[in-house]
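Both counts, for ligands and for their atoms, begin at 1 and track the order of listing.
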Amino acid sequence: MDALVSLSKRRGFIFQSSEIYGGAGSCWDYGPLGVELKQNIKRVWWRDYVQRRPDMMGLDASILMHPTVWKASGHVDNFTDPMVDCLECRRRFRADKVDETPWVHYCPATKGNKFTISAGEPCSHCGVTRTLCPECGKGELTPPRQFNLMFKTFMGPVEEDASLTYLRPETAQGIFVNFDNVLQSMRRKLPFGIAQIGKAFRNEITPGNFIFRTREFEQMEIEFFVNPLETVDGRPADEYWHDRWIEDSMAWFRRYGLSEENLRLREHAADELAHYAKRTADIEYHFPIGWSELMGIANRTDFDLKQHAKFSGKALTYFDEERKEHVVPYVIEPSAGVDRALLAFLADAYREEEVRGEKRVVLRLHPELAPLKVAVLPLLKKRDDIVRTAHAIRDELSKDWSVVYDDTAAIGRLYRRQDEVGTPYCVTVDVQTVGDQAKGEVGDGKVTIRDRDSMEQIRVPLDSLGSVFRELLGGSAWASMAGRFERKGDGTGA
Ligand SMILES: [Zn+2]
Ligand SMILES: [Zn+2]
């Protein structure tokens with residue numbers, strides 16, 4: 001994890017928020033390369049799930065909603081953690097986690113010397129176990145109290161109870177309250193889904209582990225509505241679709257680079273299920289911090305639509321033409337965190353390799369996710385014609401892809417830099433490309449393309465560059481491309 005955090009900062013992926021002021025608790029900013037990576041994750045998700053599916057539509061609901069939404073959803077009453085407060089230093093802890101951190105102890109058996117003792121252990125001098133505040137070691141803790149995780153705010157200029165509302169803790173409710181709008185305007189038949197990508201906010205008491213758990217985060221959520229009266233393959237439609245979504249979601253993460261052995265499915269036990277859920281399965285990823293939730297796929301039944309119908313007084317039903325009756329659809333909810341997905345993709349892509357006795361750090365990101373697709377590098381930056389050609393290539397390719405020009409170091413160093421941020425291909429322009437007028441040599445009009453993963457190089461005519469990259473970045477394997485062009489020696493950059 002330390003290697004990822006350090007790379008992220010050094011290479012412009014992720015910065016601590018408000019760093020010059022000492023940072024803001026568990027808030028992170030995406031830098032120039034981080035924002036590209038994040039946009040790419042969201043773009044392929046939207047393309048695969050919304051654009052390419054006939055049974056899906058998009059939505060972008062506002063973050064601030066009518067406060068009754070959160071009454072109806074159960075968040076006002078139930079979205080809480082039991083907390084204890086220190087009466088001395090005022091720090092707040094989750095009641096169920098307070099014994100999971102090392103604790104500070106002023107030991108009476110050693111004239112009040114201060115010790116920091118491992119989580120859950122008694123003092124080896126006096127034998128007491130922790131009862132006081134684990135941080136300051138002095139204060140009594142209050143009995144547990146329920147603490148709501150929603151961020152409160154006020155609509156309008158007056159800070160009074162009537163204007164109290166919340167930053168949404170999930171994007172899902174924006175979809176539920178728009179169910180009828182989408183149904184009426186788009187005239188779809190069940191089953192269909194509504195997808196949304198957007199920010200959500202939770203005032204977590206113990207956030208951390210880099211971007212794994214943050215107070216402000218982005219979700220990619222789908223509410224997939226099914227007719228509970230229907231069956232598919234002899235099974236209730238909701239159960240069938242739940243399985244389909246689990247398989248689809250798992251396959252999606254694998255397609256963009258997460259390795260099979262780092263992914264697993266975990267079913268929620270009956271006592272762990274949210275009260276509205278019929279079944280929930282988490283896709284877990286083997287993060288640097290251990291196996292943790294990457295996304296959840298829940299069968300929320302008809303709970304949300306029924307709750308909003310009850311609180312709003314509006315019918316949120318679907319008319320089943322075949323059976324001539326109104327039904328409240330069941331909903332399957334595949335819900336993924338963008339930030340968490342980004343962390344998983346980064347972690348899985350990160351490699352430290354040895355190339356000719358030197359360490360090479362490489363992000364083997366899927367080309368569709370890589371922040372930069374191509375780097376154009378002039379072999380000699382003192383030669384005007386080489387530099388001009390390189391700029392022209394960058395200008396041309398950047399009409400379609402994010403492409404960078406770099407001449408700030410020797411070629412070996414430039415390759416390493418691109419490897420480290422996951423750029424799949426480098427293009428170098430050299431004397432051979434442009435020729436040497438002084439010597440009367442004519443250029444061959446070809447450039448070198450170097451592949452990040454194999455470090456192989458091929459010579460490609462300038463006028464084929466566009467079509468070659470269209471194939472490579474469209475998913476063609478390097479090996480099949482390399483076979484069609486002249487090979488060039490070593491691209492290790494050593
Ligand atoms: Zn304290
Ligand atoms: Zn002691």
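Residues H366 and F345 keep their aromatic ring centres 6.0 Å or farther apart. Between F179 and F225, the distance from one ring center to the other falls under 6.0 angstrom.
Sorted by chain and number, the protein atoms of type N, O or S within less than 2.8 Å of the Zn ion (ligand 2) are H105 NE2, C107 SG, C123 SG, C126 SG. Under 2.8 Å from the Zn ion (ligand 1), one finds the following protein N/O/S atoms: C86 SG, C89 SG, C133 SG, C136 SG.
Sparse packing is recorded around NZ of K9, with 12 or fewer heavy atoms of other residues, nucleotides or ligands lying under 6.0 Å away.
Donor-acceptor pairing under 3.5 Å is recorded for the side chains of Y285 and D348. Q173 and H308 are linked by a side-chain donor-acceptor pair at a separation below 3.5 angstrom, with hydrogens and angles left out of the test. In summary, the side chains of S402 and E36 do not present any donor paired with an acceptor at a separation below 3.5 Å, with no hydrogens or angles considered.
For the ring pair (Phe, Tyr, Trp, His ring centres under 6.0 Å) condition, the pairs that include at least one residue of residues 13-42, sequence neighbours left out, are W28-F210. The side-chain hydrogen bond (donor to acceptor under 3.5 Å, both in side chains) pairs that include a residue from residues 117-146 are T80-Q146, D85-R145, D99-R130, where partners are two or more places apart or lie in different chains.
By the 30° and 60° cut-offs, the orientation of the rings of W103 relative to H105 is tilted.
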